[in-house]
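First the structure, in the form of structure tokens, and then the observations on it.
Each chain gets a letter, A, B and so on, in the order the sequences are listed, and its residues count up from 1. Bear in mind that the values here come from a model prediction, so they are computed numbers and not experimental data.
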Amino acid sequence: DAGVTQSPTHLIKTRGQQVTLRCSPKSGHDTVSWYQQALGQGPQFIFQYYEEEERQRGNFPDRFSGHQFPNYSSELNVNALLLGDSALYLCASSVGTVDGYTFGSGTRLTVV
Amino acid sequence: GNSVTQMEGPVTLSEEAFLTINCTYTATGYPSLFWYVQYPGEGLQLLLKATKADDKGSNKGFEATYRKETTSFHLEKGSVQVSDSAVYFCALSGSRAAGNKLTFGGGTRVLVKP
């Protein structure tokens, strides 16, 4: 049984570009949350998707947007990339909003 | 808002030593509390959790007790191994109405030497 799958594992982008990160949740999970983990820090909540809608959002600008598809997979989009967006982006899936998140291995984004 | 504070690392120990990582929290209501572990180059793995006051979470020799009176959830292990070297994160889960989003501490790096 596959856990949470994220792609790509690494990528490098230039300032001002746009990026899309992808997440496939664990089988049976219908809720996807995204977190940003800067180097040496704890993860910060970006937003959560359930039933194809954004249900909760953290303190991130509108440059960060997302989408959830009918098969529960999700995308995170970041526009107008800044150097400060360089981080590990983690996807976590769950069943509804019940405790018990499964995290993926993350996508390491470097903005140069 | 919710917040989690945990001791800064790195914490360097010898194999078979006793490990304690302090964690305190600020939250409204009655959050669930978690410890996650992150090995190099990997995502987060749930180590243990506790959902109400005085609950003790345990896994792989690690333990933590939910202390509401001191708003703490300290992680302990009696005898660490080299394989326990990792970064440990304390976290709390907000209310179900808030989507149970996780609030993390800054992480504590633990290095166990043979």
Can you get from [X] to [Y] by hopping between Ile, Leu, Val, Met, Phe, Trp and Tyr side chains that sit under 4.5 Å apart?
| X | Y | result |
| --- | --- | --- |
| A/V32 | B/L46 | no |
| A/F60 | A/L83 | yes |
| B/L19 | B/W35 | yes |
| A/V78 | A/L11 | yes |
| B/L75 | B/L33 | yes |

Gap between atom [atom2] of [Y] and atom [atom1] of [X] - 0.5 Å precision:
| X | Y | atom1 | atom2 | answer |
| --- | --- | --- | --- | --- |
| B/Q38 | A/F103 | CD | CZ | 9.5 Å |
| B/L44 | A/L88 | CG | CG | 8.0 Å |
| A/R55 | B/K101 | CZ | NZ | 15.5 Å |

Legend entry - A/Y101 and B/F34, any side-chain heavy atoms less than 4.5 Å apart: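 B/F34 does not reach A/Y101 side chain to side chain.
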Legend entry - Sub-6.0 Å ring centroid separation between A/Y35 and B/F104: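 So the answer is yes for these two rings.
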Legend entry - Contact origin within B/Q6 toward chain A - heavy atom pairs under 4.5 Å: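 Nothing of B/Q6, per the 4.5 Å heavy-atom cut-off to chain A.
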Inset, instruction - Can you establish whether the number of heavy atoms outside A/N71 located under 6.0 Å from its atom CG is more than 12? - result: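 Yes, the 6.0 Å shell around CG holds more than 12 heavy atoms from other groups.
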Inset, instruction - Can you establish whether the number of heavy atoms outside B/Q81 located under 6.0 Å from its atom CD is more than 12? - result: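 Yes, because the 6.0 Å sphere around CD of B/Q81 holds more than 12 heavy atoms from other groups.
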Legend entry - Minimum-distance pair of heavy atoms, taken over all atoms of A/G42 and B/F89: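 Closest approach of A/G42 to B/F89, heavy atoms only: CA-CE2, 3.5 Å.
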Inset, instruction - Would you mind telling me which of B/V87, B/T103, B/L102, B/V4 has the largest number of heavy-atom pairs within less than 4.5 Å of chain A? - result: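 Option with the greatest count: B/L102.
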Legend entry - Heavy-atom contact with chain B under 4.5 Å, split by part of A/Q6: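 Contact with chain B is absent: no heavy atom of A/Q6 under 4.5 Å.
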